[in-house]
Asker: 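Here you go, one structure.
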Amino acid sequence: MRRSYRLDSLTWPEVAAVAASSLLAVPVGSTEQHGPHLPLTVDTDIAAALAETLARERDDVLLAPAVSYGSSGEHAGFAGTLSVGQEAVESVLVELGRSADAFAGVVLVSGHGGNAAPLARAVARLRREGRRVLPWSPTGSPTDTHAGRTETSVMLALRPETVRTHLAEPGDVRPLPELLPHLRASGVRAVSANGVLGDPVGATAEEGRRILAAWSSDLLTATARWADATKTAAH
Ligand SMILES: [Zn+2]
């Protein structure tokens with residue numbers, strides 16, 4: 001039985017003893033508005049919960065503290081959104097990956113779609129450098145991409161005390177491909193006054209637990225496949 005799988009509870013000699021045979025799971029989130037009914041840390045909370053499940057389920061995974069700020073320029077104009085931009089996200093992930101060389105590999109568990117492009121660039125770079133990195137992010141409906149039914153249900157399962165259910169109301173419910181040009185040109189504020197893309201009405205904790213179970217199983221499968229496939233390929 002491991003003493004702990006969390007870096008926030010382990011010392012360096014304890015990590016040194018297992019690092020070479022361990023993967024490091026890093027939650028990658030954001031601090032950005034999630035409508036009038038959810039807290040600003042939704043993406044980080046979700047990434048951290050999924051990374052924690054991975055570390056709990058696999059003896060060879062340790063959990064790192066989350067990267068809590070992301071690229072959230074599209075949510076500018078909503079108080080509390082704190083964005084560091086794409087360039088910063090990319091270089092944080094590259095440097096973080098490089099400094100994790102004591103580990104057998106790194107799993108980046110992403111909770112924020114806005115980080116996708118810099119995340120992909122960072123992963124490509126780290127792989128070119130010969131490092132083992134797996135990026136993973138949850139999938140969802142294109143009409144429910146931000147603070148809608150999915151994220152609200154998951155937060156009701158994870159941190160129900162933070163959800164203002166009585167303030168949950170629909171935002172813009174058009175599918176993401178249709179919204180993207182508007183979002184890129186003028187941000188969420190221009191299409192959705194309350195900051196929601198989707199409809200959170202009717203979200204339940206039970207649905208949230210089902211979604212979390214499906215995401216966890218997908219993350220576990222992806223990690224298992226990748227870990228097996230790259231075991232002998234890289235250093
Ligand atoms: Zn989110």
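Start at 1 and go down the list; that is how both ligands and their atoms are numbered. All of these numbers come straight from a predicted model, not from anything done at the bench. Just so you know, residue 1 is the first one in the sequence shown, and it goes up from there.
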Asker: Mark yes or no for whether T31, through its side chain, and S68, through its backbone, hold a donor-acceptor pair below 3.5 Å.
Answerer: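 Yes; judged by distance alone, with no hydrogens or angles, the pair exists.
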Asker: Indicate yes or no for a side-chain donor-acceptor contact from R125 to the backbone of V94 under 3.5 Å, with no hydrogens or angles considered.
Answerer: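 Answer holds: no.
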Asker: Does Y69 offer a backbone N or O that forms a donor-acceptor pair with the side chain of H112 under 3.5 Å?
Answerer: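 A pair under 3.5 Å: no.
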Asker: Do E95 and R98 sit within salt-bridge range, that is, some charged N less than 4.0 Å from a carboxylate O?
Answerer: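 Looking at R98 together with E95, the answer is yes, because their closest N to O distance falls below 4.0 Å.
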Asker: Does the pair R6/E52 count as a salt bridge with the N-to-O cut at 4.0 Å?
Answerer: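 Salt bridge flag = yes for E52 with R6.
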Asker: Could you give me a count of protein N/O/S atoms that are under 2.8 Å from the Zn ion (ligand 1)?
Answerer: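 Of the protein's nitrogen, oxygen and sulfur atoms, 3 lie under 2.8 Å from the Zn ion (ligand 1).
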Asker: One thing to verify: whether E207 and R149 come together as a salt bridge, which I'm taking to mean a side-chain N less than 4.0 angstrom from a carboxylate O.
Answerer: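 Yes.
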